[in-house]
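One structure below.
In listed order, ligands and their atoms are each counted from 1.
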Amino acid sequence: MGFFRKASIKQKLIAIMMLSSISIMLLASMAFMVTEVYSFRQTLLDKTSSLAKILGTNVVIPLVFRDSQSAEDILASLRAEPLIRQAYVFDRGNRPFAQYVNARTGNPILEAEPIVPACEKLPEAVKVRKESYCFSFDHLALFQPVFHQGEKIGLVYLHSDMDILYARLTRYALGAVLFIGAFSCVALYLAVRLQNLISGPILHLAGMMKIVSDRKDFALRVESRTTDEVGKLVDGFNEMLVQLQIRDDQLRQNQQELEQKVDRRTKELREANDKLAGTVIDLEQLKEAAEAANRAKSQFLATMSHEIRTPMVGILGMTELLVQTELDDRQRSLAETSYKSGEALLSILNSLLDFSKIEAGKVELETVDFDLGHLTEEVVALFAQNAWGKNLELICDVAPGTPTALRGDPARLRQVLLNLVGNAVKFTDRGEIVIRLALHQDDGETALVRFDVTDTGIGISEEAQQLIFDSFSQANSATTRHYGGTGLGLAIVKELVGLMGGQVDVESRPGKGSNFGFVISLERQPGAEIHPFVFTGLRILIVDDNQSFRLMLTKHLHALDLEVEAAGDAPEALDRLRAAARKGTPFTAVLLDADLPSSGSLQLVSELRRDPALSKTPLILLESPLPTSEEIELRDAAVGFLRKPLRLSQLGPKLTEFLASGGGQCRKLSPAPPRVGKIAPERVAGRILLAEDNRDVQRLVRIHLETRGYHVDIVSTGKEAAGALQSKNYDLVLMDYNMPEMDGPEAVRMIRQGGDLTPIVALSAHSGNDHRERFLAVGVDDYLCKPFKQQQLFELVDKWLNFTAADME
Ligand code: ADP
């Protein structure tokens with residue numbers, strides 16, 4: 001079949017014709033030969049039968065007289081019949097009586113031998129009284145009974161050879177082969193000539209198809225030479241060509257129209273493009289102008305905030321000093337209001353500056369090691385007094401297992417938290433504020449941390465939630481006017497969290513509260529390990545009226561492996577304490593909110609004192625950010641106290657300290673020692689050089705430092721500062737950034753190049769990182785941003801002069 005798939009029509013036709021004629025000839029030859037075989041066999045049978053009959057008649061007498069010689073003579077007459085290979089006469093007892101063997105082919109049967117059955121019919125033939133025969137492949141065996149007076153007296157057996165048949169058949173076969181060969185040549189000749197009648201038109205059609213497809217000339221037509229199927233095929237092809245020609249003409253026409261259209265459109269497009277290019281140039285100019293305006297705006301904001309910050313140093317610093325002097329109540333209230341307004345103004349200024357920087361794309365995040373737990377707790381601590389003043393519970397909940405030794409930009413993260421917690425405190429009048437941190441995902445190298453700031457404040461409507469992250473937008477101008485603000489805080493939060501790879505989400509219901517949250521990825525500090533505190537077997541009772549606080553603390557104490565129970569008020573606490581004592585499983589310590597409503601804490605402590613079974617239970621007080629006198633009174637009964645908002649990082653170490661020191665005994669705690677030591681005015685603690693051009697700042701720093709016993713020399717330019725250091729020894733230099741003649745960084749560079757290693761602290765009204773970095777690059781040792789608080793200045797100067805209150809005693 002492979003041939004028929006690959007061969008051409010011509011080859012197929014020839015093959016079909018040849019196969020049919022050869023098959024016919026083969027079948028005819030075979031039929032002839034089969035006929036020949038049958039007719040030969042019939043002739044042979046007839047002839048052998050006639051001979052057997054004649055012989056049967058002739059051998060009666062020799063058989064009767066048992067004259068075998070005569071019988072053999074009679075059989076010898078068979079010599080004239082070359083077909084007979086053997087002939088036997090058997091007597092009545094079926095014993096060989098006479099025999100004839102054709103000298104050429106036959107074998108005589110031995111006298112003593114019994115009759116060898118020449119065919120399967122022989123035994124039967126011996127018994128029956130009529131002629132019988134059987135054909136085998138190469139001979140015919142025929143038995144003719146011999147009768148005398150109706151009695152069977154013997155048997156003639158003739159064995160005829162069929163070699164002649166096979167010789168004849170071989171001849172016929174040879175003849176047939178020769179005939180078929182000759183006939184095939186004739187058939188081949190005819191097939192080759194005749195196939196042209198069929199394949200010719202088809203090949204002609206195929207050739208024309210190729211020409212049409214090569215030239216794409218649909219005007220050509222194929223001449224139809226026959227009316228048969230091929231003729232119809234040709235007609236169909238011609239019809240198809242007509243259709244194609246019509247389509248082709250239409251197509252060409254359409255194409256021409258299309259080309260004209262494209263040309264027209266291209267022309268229009270080119271004109272539009274030219275117009276657009278003109279617009280782009282205009283727009284680029286506008287963009288450059290806008291960018292220049294934006295730069296100018298940022299520059300203006302930066303300069304303005306620097307210029308405003310500098311006098312703010314005077315306002316805040318002097319007011320801070322004023323508050324510390326002897327004032328009557330009215331004067332103090334006025335001075336404090338002035339200080340608070342100054343602080344509010346500064347916070348607005350900072351927001352504006354931050355926002356202008358973010359808008360100008362100037363904010364770059366740094367990556368430094370920091371402790372996330374401490375950072376959050378510090379931020380929360382900043383709002384402790386504010387929240388307490390509004391009677392709000394402020395809870396910082398860093399979930400157990402959250403990694404805190406991380407790398408990132410702590411300053412920016414702090415700014416985000418300050419804004420969110422600040423808003424929560426600002427917009428909440430009752431209830432609680434919870435700052436939650438939890439590990440979202442951790443792959444060992446980076447931690448995805450989720451931050452949530454939840455409050456029970458005024459809430460935000462759904463529509464307003466869409467707007468509050470836009471700059472200068474506030475949820476409700478009426479209420480916000482009451483609370484104050486610029487509408488920049490959340491815009492800054494959104495941008496900063498975005499820079500850190502996160503997105504701020506908000507959930508809020510008016511009147512119920514709000515939750516602001518985001519997830520950011522922070523690198524883990526390599527090798528930082530957490531050393532968990534474990535208090536297995538110890539039992540703690542928490543007594544606090546705020547349920548969220550109780551739940552949060554229970555969770556954290558569980559994490560320290562403590563057994564925890566919690567009570568919401570004094571009676572419940574007493575019940576639990578007594579029940580535990582009765583069961584023989586007393587509490588190891590009680591963590592008591594020192595500010596339970598209706599003096600509940602005081603009541604509980606006096607009940608405990610009265611109860612001998614409970615009087616030894618160690619108490620740990622949970623004090624308010626600004627403890628009342630009642631709370632301070634309670635300290636007598638406690639082994640220690642913790643301040644709210646609770647610093648969870650301190651929980652383990654503090655519990656260890658209190659439980660070790662308590663031992664069941666109430667310890668009297670003295671109030672914390674004052675941080676600032678009093679010093680004799682004449683005693684000089686260190687020489688400080690202040691390089692600052694603003695007279696108010698000069699005066700303020702001098703007052704601050706001189707009250708602390710330092711000697712302060714003042715210069716107004718960087719050049720003077722470098723000169724002063726050459727002529728005198730100083731323990732510390734405070735260096736302003738912007739000064740006439742030579743600015744701060746330039747002066748520091750000069751000083752360091754001269755080999756002077758006096759510690760230098762930079763003072764700058766620029767809050768940005770770039771100024772700080774410029775200073776650090778030339779070799780300053782520390783940096784203080786203006787305006788600063790007295791305490792900040794003292795801490796910094798003390799740090800560098802290694803001066804502590806203890807040193808002064
Ligand atoms: P600001 O607080 O200075 O007005 P923000 O951008 O921080 O500006 O906030 C925008 C507005 O979003 C606020 O004016 C206030 O209406 C709303 N808002 C922000 N935080 C809260 C909150 N925790 N509860 C209720 N409203 C809030």
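- If you number the atoms of ligand 1 from 1 as listed, the ones under 4.0 Å from a heavy atom of Leu488 come out as 6 (O), 8 (O).
- Residues Glu523 and Thr367 bring no donor and acceptor atom of their side chains to less than 3.5 Å of each other.
- Among Asn423, Ile460, Val453, the residue whose heavy atom sits closest to atom 7 (O) of ligand 1 is Asn423.
- In Phe469, neither the side chain nor the backbone holds a heavy atom less than 4.0 Å from any atom of ligand 1.
- Considering backbone and side-chain atoms alike, Gly489 places an N or O below 3.5 Å from some N or O of ligand 1.
- In this structure, Thr376 and Leu437 have side chains that are in contact, with non-hydrogen atoms separated by less than 4.5 Å.
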Given side chain to side chain donor-acceptor pair (under 3.5 Å), test Glu393 with Ser548 step by step and report yes or no. CA-CA 9 Å; Glu393 189 79 37; Ser548 306; over 6 Å; no
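- Contact annotation: Asn419 has no heavy atom less than 4.0 Å from any atom of ligand 1.
- The shortest N or O to N or O distance between Leu490 and ligand 1 is below 3.5 Å.
- Residue-ligand proximity: Gly457 is placed with every non-hydrogen atom at 4.0 Å or more from ligand 1.
- Residues Arg774 and Asp743 are in side-chain contact: their nearest non-hydrogen atoms beyond the backbone lie under 4.5 Å apart.
- Short contacts between ligand 1 and Lys426, defined as distances under 4.0 Å to a heavy atom of the residue, involve ligand atoms 1 (P), 2 (O), 3 (O).
- Shown here is Arg695, whose CZ atom has no more than 12 heavy atoms of other residues, nucleotides or ligands within 6.0 Å.
- For the pair Leu418 and Phe383, the minimum side-chain heavy-atom distance is below 4.5 Å.
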